[in-house]
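Residues take their numbers from the sequence shown, with the count starting at 1. Predicted model only: the values in this text are computed from it and were never measured. These values consider heavy atoms only, across backbone and side chains, with no hydrogens, waters or symmetry-generated copies.
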Amino acid sequence: MSTEIQSELHQAVDHRRNFAIISHPDAGKTTLTEKLLLYGGAIHEAGAVKARRAQRKATSDWMAMEQQRGISITSTVLQFEYQHCQINLLDTPGHQDFSEDTYRTLAAADNAVMLIDAAKGLEPQTRKLFEVCKMRGIPIFTFVNKLDRPGREPLELLDEIEQELGLQTYAVNWPIGMGDRFKGIYDRQEQQIHLFERSAHGSREAVDTVVDLGDARIEELLEQDLYYQLKNDIELLEGVGPELDLELVHQGKMTPVFFGSAMTNFGVELFLKYFLNYALRPGPHNSTVGEIPPTNPDFSGFVFKLQANMDPKHRDRVAFVRVCTGRFEKDMTVNHARTGKTIRLSRPQKLFAQERESIDVAYAGDVIGLNNPGVFAIGDTIYTGQKLEYEGIPYFSPELFAVLRNPNPSKFKQFQKGVSELREEGAVQIMYSVDEAKRDPILAAVGQLQFEVVQFRLQNEYGVETLLELLPYSVARWVDGGWEVLNKIGRLFNSTTVKDSMGRPVLLFRNEWNCHQLQEDHPELKLSAIAPVVSGQQPVNDSNS
């Protein structure tokens, strides 16, 4: 490899930051995303999530149903530059019914920002997603949001993170007041107080007055009790709190904590500034030929998400690819690991939620959109040079099941096409009866809202009305060894056998008790709560139940 190319790759990796935002619904994730885009100069005015007519809609919520309900139900990628850094922000759905989409997106993230509501602290979905980050060894940065409303004591929140998640905390900044008396934050690194003026709905960048801690003007600018409270808190933090250790942060054992209010922009820019300094650069990835560093000259990447109809006018299908190594170039020819075919990547796109623009080059840490004419599956590896496959992305056990019927035979083709494309992108898992006479697909979901989204999108994007018939199951298990093992055992009781979209046997149970009973009756039968991956190497963390 020439010194010139080596230098180009090292520089590109050094200037890239990639992160996903994880949180419980309603913690303010989409609002924070908008404000990071505002400070990154990617948008000029932040949109409210539940848009008033006069306000623009949130950039990251582009799907019609998201805009109607004011929730995020699909992951999007937003790329922008800030202080000479190329930032790839992976915005994930907060709603628990779409946690599978979030799991897949975290496979492409180098860092995670854990967003917490100051009044509620840690919530169930946040804990669940934290476990995925922990499993993947992803560094976690914590942003405590909604300080402009009454909330819990900051020290109590730090204690909760340490006790419940086993993470050391380091407060990078500290809030001054809370609720109506929230005046700003203290930057511990620079020993400066940032006092903010509120702007209408936080649609513009906040006006920020910076004062050194010992400055005499503080007495005039800050109420006495708030100033004394701040001094006491700082003394306590400096006395008993740990030092910031970036090695521990990068190992996922310590979380830098930031306080602020995304709605009013308090603390967002400071967070962004420190995040760029502290975050992990794109790193090596596990593959079938070992760990591959991002500066490896051969291009490689993996598909972590598929999305149909981002542009309803063109009925497009886009594959989201995380670039892992080398330099991606427009029109390059790559190898497709699963099929062994070569593919020309002719229409690469830089993604900005629903908006796209053509790109010529990309480097490790970037996420690019590729036109997908049915070639890609989630977990696929594409590469040049030595053959390799990255870890695949597993599907988890669904908990709700329903037969999806098409009452209008004249819409058969549209129905088939819609179901196939929504299955490909992972919007829902699709299973089928082993009885050939029953052709209707069985939707298998983590949450009820997934069913609603599938029906909404089939109607909205494919013009097909559908009927749902709920099934009485709550547990699905894949059979290790497939049909051969199952056929040897013969008839099973208290379970129903179906096949997944790859034709593999899946056992459905009404409850966990029935599942355990079957395993006691047939100890030779090995069942898994996670589907075997279709593309890529089986991740080492997969565990059988």
Side-chain angles (χ1 to χ4, degrees), residues 24-25 71 73 93-104 123-129 131-132 135 393-405 419 422-423 426-435 438-456 458 466-483 485-486 489 491-523 525-533 541-545:
H24 196 80
I71 55 168
I73 57 179
H95 201 287
Q96 63 198 25
D97 288 8
F98 301 96
S99 47
E100 279 232 320
D101 203 14
T102 304
Y103 294 142
R104 291 192 285 267
E123 295 179 86
Q125 184 66 2
T126 320
R127 290 186 185 89
K128 214 171 172 184
L129 295 171
E131 287 302 327
V132 180
M135 187 175 87
I393 301 172
Y395 282 90
F396 293 80
S397 177
E399 294 164 21
L400 296 171
F401 303 85
V403 176
L404 185 72
R405 302 195 194 282
V419 168
L422 293 180
R423 176 194 61 77
V428 71
Q429 292 183 53
I430 305 281
M431 298 177 181
Y432 292 91
S433 171
V434 289
D435 180 350
K438 296 178 180 174
R439 306 296 296 274
D440 291 321
I442 297 166
L443 302 188
V446 175
Q448 176 65 33
L449 201 50
Q450 276 179 281
F451 291 157
E452 293 175 35
V453 168
V454 167
Q455 286 192 285
F456 178 88
L458 284 170
T466 52
L467 301 172
L468 263 190
E469 183 189 315
L470 289 172
L471 296 173
Y473 309 113
S474 67
V475 176
R477 292 292 180 264
W478 279 263
V479 180
D480 287 5
W483 292 106
V485 171
L486 207 55
I489 291 173
R491 194 168 173 205
L492 297 174
F493 294 94
N494 291 328
S495 74
T496 298
T497 306
V498 295
K499 55 189 179 184
D500 69 8
S501 57
M502 304 301 296
R504 301 172 300 198
V506 184
L507 301 182
L508 304 185
F509 302 91
R510 285 175 178 265
N511 50 46
E512 289 280 358
W513 188 85
N514 283 348
C515 179
H516 291 312
Q517 190 66 46
L518 182 84
Q519 292 203 278
E520 279 179 21
D521 294 345
H522 298 280
L525 193 63
K526 297 281 180 278
L527 302 180
S528 175
I530 297 172
V533 300
N541 288 312
D542 284 3
S543 57
N544 289 347
S545 65

Fill in the blank from the handout: What one should report as the nearest heavy-atom pair of Phe451 and Leu468 is CB-CD1, 3.6 Å
Practice task
State which residues pass side chain to side chain donor-acceptor pair (under 3.5 Å) with Glu469; sequence neighbours excluded, sorted by chain then number.
Solution key: Arg405
Exercise for the section: List the steps, then state whether side-chain contact (heavy atoms from CB on, under 4.5 Å) holds for Val479 with Val506. Expected result: CA-CA 6 Å; Val479 180; Val506 184; over 6 Å; no
Exercise for the section: Apply side chain to side chain donor-acceptor pair (under 3.5 Å) to Lys499 and list each qualifying residue two or more places apart in sequence or on a separate chain. Expected result: Glu436
Exercise for the section: Using a 4.5 Å cut-off on heavy atoms from C-beta on, say whether the side chain of Leu518 contacts that of Leu492. Expected result: yes
Exercise for the section: Of all the heavy-atom pairs spanning Leu400 and Gln448, show the shortest one and how long it is. Expected result: CD1-N, 3.3 Å
Practice task
Return yes if a side-chain donor-acceptor contact under 3.5 Å exists between Thr466 and Gln455, otherwise no.
Solution key: yes
Problem - Nearest-0.5 Å distance, CD of residue Gln517 to OG of residue Ser495 - result: 12.0 Å
Problem - Exercise: identify the closest heavy-atom pair between Gln429 and Pro398 - result: NE2-CD, 3.9 Å
Problem - Side chain Trp478, main chain Leu507, donor-acceptor under 3.5 Å - result: no
Exercise for the section: Rounded to the nearest 0.5 Å, what's the gap from CG on Leu527 to SG on Cys515? Could you check? Expected result: 5.5 Å
Exercise for the section: For Glu399 and Phe401, work out which heavy atoms get closest and say how close. Expected result: C-CE1, 3.9 Å
Practice task
Would you name the heavy atoms of Val475 and Glu512 that are closest together and state the gap between them?
Solution key: CG2-N, 3.8 Å
Practice task
List the atom of Asn494, the atom of Phe509, and the distance in Å for their closest heavy-atom pair.
Solution key: O-CD2, 3.5 Å
Exercise for the section: Find the distance between OG1 (Thr496) and CG (Asn514) and round it off to the nearest 0.5 Å. Expected result: 10.0 Å
Fill in the blank from the handout: Exactly one of Ile430, Asp440, Leu443, Val428 clears side chain to side chain contact (heavy atoms under 4.5 Å, CB included) with Leu404, and that residue is Leu443
Fill in the blank from the handout: Distance col, row Asp480:CG vs Leu486:CG, nearest 0.5 angstrom, shows 11.5 Å
Problem - Partners passing side chain to side chain donor-acceptor pair (under 3.5 Å) against Tyr432 (at least two apart in sequence or in another chain) - result: none
Fill in the blank from the handout: d(Ile530 CD1, Arg477 CZ) to nearest 0.5 Å is 9.5 Å
Handout entry: Atom pair CG/CD1 of Leu471 and Ile442 - distance to nearest 0.5 Å
Key = 6.0 Å
